[in-house]
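In what follows, a structure is listed as structure tokens, so that the remarks can point back to it.
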Amino acid sequence: MPAISASAPGKVILFGEHAVVYGQPAIAVPVQQVAAKAVVSPAIQAASGSVHITAPKVNIDSDLAEMPEGDPLAAAVRATLRELAIEKPPAFKLRISSTIPLAAGLGSGAAVSVAIIRAVSTFLGETLPDERVSALALEVEKLHHGTPSGIDNAVITFTKPVFFTKGQPIQTFRVAKPFTLTIADTGVASPTRVAVGAVRAAWKKNKQHYEDIFAAIGVIVTKARAAIESGDNPALGPLMDQNHSYLQEIDVSSPELDRLVIVARQAGARGAKLSGGGRGGNMIALVDEASAETVSDALLTAGAKGIIRTIVQ
Ligand code: PMV
């Protein structure tokens with residue numbers, strides 16, 4: 001059996017984070033400049049059924065049998081074995097690496113799961129269809145944060161811009177004219193689970209108010225899709241700004257995010273917002289050729305810990 005490797009990209013949510021957990025649509029796009037990679041190779045000396053996992057970035061070097069139920073890497077392997085109805089696989093080693101920052105809103109958890117599911121299933125002789133890969137990655141996402149909408153695993157599995165509504169089939173759509181995003185990292189690690197939990201607690205106390213905001217975000221998402229499909233890219237800027245205001249209102253922004261958002265706008269971005277769970281992690285800015293360099297420089301000067309520029313197409 002030859003070694004098998006699979007990789008999966010990062011992602012950003014363009015519009016609609018948090019509201020998507022409550023049934024509104026959201027738009028996410030892949031970010032191919034970063035990726036998670038899983039390599040599976042046969043462990044010739046080891047006893048059948050033995051699986052060894054190494055993931056240096058998160059200090060894991062352990063046999064699957066010794067890893068707790070709640071470990072997301074182990075869960076991705078176990079979900080794949082269950083899916084293939086294999087109890088005792090031929091012994092193998094799984095090595096995971098990733099250039100996607102952790103807890104930063106770039107989909108690291110889902111990308112690692114997708115890469116593992118693809119590499120392990122292919123190694124065991126069955127290449128799973130994307131729908132199954134995405135569904136299994138969603139099972140694992142539930143360990144990261146209890147109530148995932150499913151948008152991360154969808155955009156990362158399909159590696160295309162997606163218009164996503166929880167519980168509905170994924171819709172891909174046409175990007176009439178490519179556009180450029182600058183993604184800047186606050187350097188503040190912020191697990192999605194915490195931000196999602198805080199929004200849920202606040203929503204429980206004041207459902208009507210929160211649902212009104214989610215519905216307003218849903219309107220922005222629908223307008224954004226129409227703008228992208230018709231090539232009206234400049235219209236996306238003000239929509240990003242409006243979406244950011246609503247995210248501030250539901251208290252998922254942070255001083256660092258707000259600062260980078262303001263700096264990007266002042267440096268010539270057409271619009272900017274936080275992206276993903278918020279309270280840290282990354283923000284995104286819509287830039288054009290003329291402003292791209294200036295915006296990146298301004299963000300770095302303002303303290304951004306990393307910049308990625310990606311073209312959405
Ligand atoms: O922090 P991220 O990039 O994993 O994004 C989470 C997006 C939320 O809408 C906040 C949660 C979800 O499950 O969709």
Side-chain angles (χ1 to χ4, degrees), residues 8-31 33-36 72 98 100-114 134-135 137-158 161-168 170 181 183-203 210-211 213-218 220-221 224 240 243-244 246-254 256-257 273-284 306 308 310:
K11 70 99 219 324
V12 284
I13 296 185
L14 262 188
F15 294 97
E17 50 274 270
H18 288 289
V20 68
V21 176
Y22 298 82
Q24 297 295 333
I27 294 173
V29 300
V31 176
Q33 285 75 6
V34 285
S98 173
I100 310 175
L102 290 169
L106 293 184
S108 154
V112 165
S113 297
V114 168
S134 185
L138 176 60
E139 275 181 34
V140 182
E141 281 287 278
K142 289 181 183 159
L143 298 172
H144 289 285
H145 62 105
T147 55
S149 63
I151 190 168
D152 278 20
N153 48 288
V155 63
I156 285 168
T157 303
F158 291 91
V162 297
F163 181 88
F164 178 89
T165 308
K166 193 173 173 173
Q168 292 184 18
I170 296 140
L181 293 178
I183 305 166
D185 196 346
T186 59
V188 178
S190 174
T192 305
R193 180 173 26 88
V194 177
V196 169
V199 172
R200 182 162 299 274
W203 164 77
Y210 272 73
E211 277 163 23
I213 294 176
F214 296 147
I217 292 175
I220 292 174
V221 175
M240 288 168 79
N243 196 161
H244 186 72
Y246 284 122
L247 291 165
Q248 286 175 315
E249 244 185 270
I250 62 169
D251 198 23
V252 293
S253 194
S254 70
E256 294 83 0
L257 282 165
K273 64 182 276 294
L274 71 84
S275 177
R279 300 212 164 165
N282 279 269
M283 54 75 69
I284 56 176
I308 299 168
T310 192

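If you're wondering where the values come from, they're calculated on a predicted model, not measured in any experiment. In listed order, ligands and their atoms are each counted from 1.
- Applying the side-chain contact (heavy atoms from CB on, under 4.5 Å) rule to T165 yields the partners P25, F163, Q168; only residues at least two apart in sequence or on another chain are considered.
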Measure and list all N/O to N/O distances between ligand 1 and the protein that fall under 3.5 angstrom.
unit_1: ligand 1; atom_1: 1 (O); unit_2: T192; atom_2: OG1; d: 2.8
unit_1: ligand 1; atom_1: 1 (O); unit_2: G277; atom_2: N; d: 2.9
unit_1: ligand 1; atom_1: 3 (O); unit_2: K11; atom_2: NZ; d: 2.4
unit_1: ligand 1; atom_1: 3 (O); unit_2: G105; atom_2: O; d: 3.0
unit_1: ligand 1; atom_1: 4 (O); unit_2: D152; atom_2: OD2; d: 2.9
unit_1: ligand 1; atom_1: 4 (O); unit_2: T192; atom_2: OG1; d: 3.3
unit_1: ligand 1; atom_1: 9 (O); unit_2: H18; atom_2: N; d: 2.9
unit_1: ligand 1; atom_1: 13 (O); unit_2: S149; atom_2: N; d: 2.8
unit_1: ligand 1; atom_1: 13 (O); unit_2: S149; atom_2: OG; d: 3.4
unit_1: ligand 1; atom_1: 14 (O); unit_2: S149; atom_2: OG; d: 2.5

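- Taking every heavy atom of both residues into account, P30 and P161 meet most closely at CD-N, 3.7 Å.
- Atom CD1 in I156 sits 7.5 Å away from atom CD in E141 (nearest 0.5 Å).
- The side chain to side chain donor-acceptor pair (under 3.5 Å) test applied to N153 returns S134, not counting sequence neighbours.
- The shortest non-hydrogen separation linking I308 to Q33 is CG2-CB, 3.8 Å.
- Residues passing the side chain to side chain donor-acceptor pair (under 3.5 Å) test with E211, sequence neighbours excluded: W203.
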